[in-house]
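Below: one structure, written as structure tokens.
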Amino acid sequence: MSTIDWENLSFGYMKTDFNVRSYFKDGKWSTPQETTSESIDIHMAATCLHYGQEAFEGLKAFRGKDGKARIFRMRENALRMQSSCRGILMEELPIDIFEESVLKAVKLNEKYIPPYGSGASLYIRPLLIGTSPQVGVKPSKEYLFLVFVTPVGPYFKEGFKPTPLVILRSYDRAAPHGTGTYKIGGNYAASLVAGDKAHEMGYSAVLYLDPKEKKYIDEGGPANFFAIKDNTYITPASSSILPSITNMSLIQLAQDMGMKVERRPVKEEELSTFEEVGICGTAAVISPVERIDDVEENKSYQFVKDGIAGPISTQLYNKLRAIQNGDEADTHNWVTVL
């Protein structure tokens, strides 16, 4: 794939050769099969189109220095998709169908895995949709599961460089006890208006406060929030936060480094006490935060003054990337080597 400028890839869709599909019909899943088609033929009354019966995942494959491809924490993505299925009453996708489909999609498109050292990766997008034609509000009887892949660069164009976030109090990403903890399209649709407004104002993302009291930190737009203080890794506990697999991994790495970990409600006023702040997720890994502006309250919290990410965020980022790339021992068995 010499025609691809690997080092200057955006985080966007690029056509690859194959995707893999499995269908649920008459009470059973079909064997995953590859196709070259980029289109889906579905009924106009499909439940995914009318009632949001749709769940997806995001994970990555990396090319190591040894030339081998490595998929990061595939089992955790399979388990999280099962959680999303339960959350919106979709047929629960078996783990073996998920993993077989991901492996097949990566192997069939292996030439699109960016080379070691390019800073790019192969993004893997599993998608599950309800396909039964229905007008009544009830779960679908049939489903399509598919996996496509595309090579991508950094989610934030700045890469691993501090960027500003904004608190927009008049917007919520999810309701208390709603669907915020599931990876479904409706949560992302609900974030588009606030996200667009933040970008227009010059911020990389919105930092949402809890939707009930507007006192506690919730999510950083498309990623989980974390902070560093007194050798402690702090991340919010909330019923409306998507459980990030990257955050889960960083928590383990922080403990490996001898840090304490606190998962608890985090009040906004605590922002003034933190040494480092970041948001984390599959797409961005870690995006360090330069400052957070609460524009409606006329408050600002500064974390970086010289444009350089904090030392612990940098160490965590480098350690996680080293495991993903095969440069450091995978002591927690997170990586599937093809």
Side-chain angles (χ1 to χ4, degrees), residues 1-22 31-36 38 56-81 93-127 145-155 159-160 244-246 248-250 252-253 280-286 317-338:
M1 304 302 296
S2 57
T3 57
I4 298 177
D5 184 0
W6 299 110
E7 295 185 3
N8 292 297
L9 283 174
S10 64
F11 194 89
Y13 177 76
M14 177 186 293
K15 178 177 169 29
T16 53
D17 294 340
F18 297 96
N19 60 87
V20 177
R21 306 183 184 192
S22 176
T31 302
Q33 297 292 330
E34 69 266 27
T35 176
T36 58
E38 294 176 277
F56 67 99
E57 279 298 322
L59 60 161
K60 287 180 176 178
F62 304 86
R63 180 79 69 190
K65 193 183 291 184
D66 57 6
K68 294 179 180 177
R70 289 168 170 81
I71 302 172
F72 187 68
R73 305 207 73 172
M74 174 172 60
R75 175 62 56 94
E76 291 301 328
N77 287 95
L79 291 169
R80 190 169 66 177
M81 178 163 269
L93 183 77
I95 289 174
D96 62 330
I97 296 284
F98 184 100
E99 293 185 338
E100 181 183 346
S101 300
V102 167
L103 289 169
K104 197 175 183 70
V106 172
K107 286 176 182 175
L108 287 167
N109 296 287
E110 195 165 355
K111 66 183 180 182
Y112 291 97
I113 303 175
Y116 176 84
S118 64
S121 57
L122 187 73
Y123 187 76
I124 306 163
R125 171 51 60 85
L127 172 69
F145 174 66
L146 68 83
V147 179
F148 70 82
V149 301
T150 187
V152 297
Y155 184 80
F160 186 70
S244 162
I245 293 163
T246 303
M248 186 191 310
S249 305
L250 293 173
Q252 182 62 62
L253 295 180
C280 60
T282 296
V285 186
I286 290 177
Y317 175 82
N318 289 336
K319 195 169 182 65
L320 184 57
R321 294 290 287 113
I323 294 169
Q324 291 174 332
N325 285 323
D327 293 333
E328 194 166 309
D330 176 27
T331 57
H332 299 291
N333 297 315
W334 289 342
V335 174
T336 302
V337 182
L338 270 63

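For the numbers below, each heavy atom of this structure counts, side chains included, while hydrogens, waters and symmetry mates do not. For this chain, numbers begin at 1 and follow the sequence in order.
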Would a 4.5 Å heavy-atom cut-off, applied to side chains only, mark [X] and [Y] as touching?
X: L103; Y: I71; answer: yes
X: K60; Y: T282; answer: yes
X: F145; Y: L127; answer: no
X: L59; Y: F72; answer: no
X: S118; Y: L9; answer: no
X: N325; Y: K65; answer: no
X: Y112; Y: L122; answer: yes
X: D17; Y: L108; answer: no

Give me the atom names and distance for the closest heavy-atom approach of [X] to [Y].
X: P32; Y: K104; value: O-CE, 3.8 Å
X: G326; Y: R70; value: CA-NE, 3.4 Å
X: N77; Y: G58; value: ND2-O, 3.2 Å
X: R63; Y: P114; value: CB-O, 3.0 Å
X: T16; Y: P151; value: CG2-CD, 3.9 Å
X: G281; Y: S244; value: CA-OG, 4.1 Å

Distance (rounded to the nearest 0.5 Å) between [X] [atom1] and [Y] [atom2]:
X: M248; Y: R80; atom1: CE; atom2: CZ; result: 7.5 Å
X: T336; Y: E99; atom1: OG1; atom2: CD; result: 7.0 Å
X: Q252; Y: K319; atom1: CD; atom2: NZ; result: 10.5 Å
X: M74; Y: E57; atom1: CE; atom2: CD; result: 12.5 Å
X: L320; Y: Q324; atom1: CG; atom2: CD; result: 4.0 Å
X: R75; Y: I245; atom1: CZ; atom2: CD1; result: 12.0 Å

- Begin with the C-alpha distance, continue with both residues' side-chain angles, and end with the deciding distance and a verdict on side chain to side chain contact (heavy atoms under 4.5 Å, CB included) for Y123 and V149. CA-CA 6 Å; Y123 187 76; V149 301; over 6 Å; no
- Query: Going through the checks in order, is the side chain to side chain contact (heavy atoms under 4.5 Å, CB included) test met by K107 and L338?
  - Reply: CA-CA 8 Å; K107 286 176 182 175; L338 270 63; 3.6 Å; yes
- Relative to the ring of F148, is the ring of Y13 parallel (under 30°), tilted (30 to 60°) or perpendicular (over 60°)?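 Rings of Y13 and F148: perpendicular, as their planes differ by over 60°.
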Any donor-acceptor N/O pair, [X] side chain to [Y] backbone, under 3.5 Å:
X: D330; Y: V335; result: yes
X: N19; Y: A105; result: no
X: T246; Y: C280; result: no

- Message: Quick one about T35 and R21 (side-chain donor to acceptor, distance below 3.5 Å, no hydrogens or angles considered), yes or no?
- Response: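 No, T35 and R21 have no side-chain donor paired with an acceptor closer than 3.5 Å.
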